Amino acid sequence: MSRYNIKEAENKWRKIWLERKSFEVTEDTNKDKYYVLAMFPYPSGRIHMGHVRNYSLSDVVARYRKALGYNVLNPMGWDALGLPAENAAIENNTHPAKWTYSNIEAMRDQLKSMGLAIDWSRDIATCAPDYYKHEQKMFLDFYKKGLAYRKESVVNWDPVENTVLANEQVVDGKGWRSGVPVERRKLNQWFLKITEYADDLLAALKTMDGWPEKVRIMQENWIGKSFGAQFKFDLIGSDEQVEVFTTRPDTLFGASFVALSPDHPMAEQLAGDKEGFETFQAKCRSVGTSEAAIEQAEKIGFDTGHKVKHPFIEGAELPVYIANFILMDYGTGAIFGCPAHDQRDLDFARKYGLDVIPVVIPEDEDPATFTIENEAYTGPGKLANSDFLSGLAVDVAIQTAIKKIEELGKGTGVTQFRLRDWGVSRQRYWGCPVPFIHCDSCGLVPVPEEDLPVQLPDDVSFDKPGNPLDHHPTWKHVKCPCCGKDAVRETDTFDTFFESSWYFARYCDAHNEHEGFAKDKAAYWLPVDQYIGGVEHAVLHLLYSRFFTRALSACGYMDIDEPFTRLYTQGMVNHATYKDENGKWVFPKDVQKDENGHWVLVDGGASVTQGNVVKMSKSKKNVIDPQDPLDTYGADAIRLFILSDSPPDRDLEWSEAGLEGAWRFINKLYRQLMTAKEHMPESCDTTPESFSDSAKKLRSTTHATIAGVANDIESFQMNKAVAKIRELSNHLGEFKAEEESDYWAMREGYERLICCMNPMIPHLAEELWEILGHDTILADTRWPEVDESLLTSDTVTIAVQVNGKMRATITLPKDADKEMAEKAALSESGVQRAVGDKEIRKVIVVPNRIVNIVVG
RNA sequence: GCGGGUGUGGCGGAAUUGGUAGACGCGCUGGAUUUAGGUUCCAGUGGCCUUAGGCCGUGGGGGUUCAAGUCCCUUCACCCGCACCA
């Protein structure tokens, strides 16, 4: 018997699918559409295992839905703008465009070798001017709608490289290349008004039941709607005021200080001339702009020496601090501190010797004796030591305090969001240019639509630090479209989340030159029925896309609010890490076990230590290039393995042994079918008049498998679907056929098995389908029908417990009554032994489930 | 720090959603075939006890229940995100 020639067969089928344009689609109103979308890759150079996992999953969905008769759109493209291309340009002296496009070529070939059911005619790259020109138009429309504006905001600044640093480029508060402490710098930047939709984005989450609960919760927390009071403290010895926001106005009587963010406009003014302030500022500046960095930094404060009046207590004064843990972007950038009921305030108060006054007393505590030690009390209770609030419950006290603040004219109750507007400005070359012109006479002037796209110049140099667009000799110098005088282009480019916020719409009409997409085509395909991607995108990309969809609809581009009906977030692909004797990371392929079972370098045999199993990442070198297993074992094996063991939403540990197991299964199945086909009928077209008991049993397994696999695919439990396929193949392998109906059932079993595995391992499935004599191809074949009558059995085996411990199993007719079940249970020897001479107190019978005999 | 998640044999995981814990696979052990090895096939495989059989067992502790991996309380460990990485 010939062996399965994986390479030959896989190439053959990929060619056939391509020639037949099996996965190219057009709008067809006679068919229900199904849009399955996997997050598009950044063209970093090579595909990684995360891609393999992502696209294996979307491919299962695409092929399954196609088999169900849907008009399936499953596109692919490239999130091609971004920082790594510029880094490569600096390091390898290549142009970002050249680097990016050659990466795309390489990765496209790699993806094609996976045999994905993709409509490659819709391939897009976001770095192409014919892609980004449409988003420049969108931006101008957003601007007209008042959804885009400019304001000052803080960036990480590298004083040596004279460049803005991404958070990623800040390592321990220092620039990654220069090694000098980063500074914060304020720049005028472009923003999109996502906060305009905060309420809507939040409310819609409630109805999005196609999304994982955890993602909805994360977005809910990210948007962070809260209700509180915004009010002003009068600054003593001045007619100025400090405005704060608080969700806990009820604790105002416990206030012991007021604190401002170091970025607060008043900070400089209140403390600028004080001794030590400069040192303090320098310390704050060195923390970086990321929220994690700020929150985790040691809490430090600077006493401005100024004081404010307590709004409720006549004559009481509170010191004004500047504190590094106050975020300028949240609320008003200033707070009042109530140490007894907020942990951060408590830590701060302990450090600077400020009062800790409990004003909320837990139910079971005595106000006279209740004190706070090292833990702030944030739970419910009754107010105390709080004048007109004393005795009230927290929620009532909050309302009462706000009412009082409003009566006093100091402030109001407000709804506050944690969500900030989306800063889209980047001071980089490899991004979409912001289509604006700065004119000394006319101010900010939008680039006229007929002048779009504003194209990136090709001749740029990365020798000089800073933004290449800014120091390009000619690019930015233009005539003002309004007055014709000399003017300069905006040199900021967009955040690359901009491109990924609408690419799903571009796929609907990928080659439209005149507009981003035709409205009717988008209306046919959108929203995406099933979106699949990494959980790391749970908030930013997914929230930006939801916002963008609303903004585009507001500007008349489309008529939907939500872009993704169902969302699935896959887990990561992990691998062990290795370090050599110098503590440097080492690739798994450079490591092997020696005869004593210790990890050593392949080259030289020096000792290596194994570290944690974590997400595959270039920086830790714990990566496996999918190309190696693709070449060795073929696409089906790698697809099967990556779908097999772990549930798709959980992290998966890459395993060579597991991959080999998948490969063995493929070969085994081929052999098994080649043997079996000798005896099976030519087709299943003529159904036998009667079936043997063994044929009946096999058929019931077959049909249960079809139903089970379909169910598992729909609920994204691909690992279980694979297990069921293996089980059926095991059954078929062990099946002893004796008569005609047995052979018929066997053929039916194999045919259905092949259809079931087609979404996962399509090359082998097509090959076996052909071997069975079909002149159709599986890519065009419908999902097999389930004969429901074969799924029900007339007997059921259930467990018998004695005092909750399993002692026997009994087989009963389905839906047998309680007496019958009880009788059968008590007649089992194992049960009698366990009961012994103890008294039977109760017998619990759950029909078709369990019998539990309680003795004592 | 804040937010989200995960924890079941040597390993990845399954468990009809409160009802037979360990499906399916990897690994391992023994055997057969072939052999230079791999491949392939058969059998076994949670731990402990001397067996028919029994006891223990789902990160730890406590609880609810006839019955808990599943529900409640508490605790520990690890992983992910945090707005300029994509």
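Chain letters run A, B, ... following the sequence lines, proteins first, then strands; residues in each count from 1. Given the structure is predicted, the values throughout are model-derived calculations rather than measurements.
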Exercise. Sequence neighbours excluded, which residues qualify as side chain to side chain contact (heavy atoms under 4.5 Å, CB included) partners of A:E183?
Worked result: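 In terms of side chain to side chain contact (heavy atoms under 4.5 Å, CB included), with neighbours along the sequence ignored, A:E183 is linked to A:W157, A:P159, A:R285.
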Only counting residues at least two apart or in another chain, list the ones meeting salt bridge (Lys or Arg N to Asp or Glu O under 4.0 Å) with [X].
X	value
A:R726	none
A:D495	A:R426
A:D470	A:K476

For this session: If a pair satisfies side-chain hydrogen bond (donor to acceptor under 3.5 Å, both in side chains) and one of its residues is in residues 657-669 of chain A, list it, with sequence neighbours excluded.
Result: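 For residues 657-669 of chain A: A:Y633-A:E660.
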For this session: Mind checking side-chain hydrogen bond (donor to acceptor under 3.5 Å, both in side chains) for A:E298 and listing every partner two or more places apart, or none if nothing turns up?
Result: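 Once residues adjacent in sequence are excluded, the partners of A:E298 under the side-chain hydrogen bond (donor to acceptor under 3.5 Å, both in side chains) criterion are A:K351.
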Nucleotides 74-76 of chain B: which of its N/O atoms have a protein N/O under 3.5 Å away?
none

Residues 839-856 of chain A side chain polar contacts: donor-acceptor under 3.5 Å, at least two apart:
from   : atom 1 : to     : atom 2 : distance (Å)
A:N848 : OD1    : A:D815 : N      : 2.9
A:N848 : ND2    : A:D815 : OD1    : 2.6
A:N852 : OD1    : A:G804 : N      : 3.1

In the 5'-to-3' direction, what one-character label does each nucleotide of [range] receive under the scheme B = base within less than 4.0 Å of a protein heavy atom, S = sugar-phosphate only, - = no such atom?
range	result
nucleotides 1-15 of chain B	B-SSSSS----BSSS
nucleotides 45-56 of chain B	--------SSSS
nucleotides 63-68 of chain B	---BS-

Expected rows: protein N/O vs nucleotides 31-42 of chain B N/O, under 3.5 Å:
none

For this session: Indicate whether any N or O donor in one side chain lies under 3.5 Å from an N or O acceptor in the other, for A:Q416 and A:S226.
Result: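 Result is no, nothing qualifies.
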Problem set entry | Between A:Q219 and A:R546, a side-chain donor and acceptor under 3.5 Å |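 A:Q219 vs A:R546: donor-acceptor pair found between side chains.
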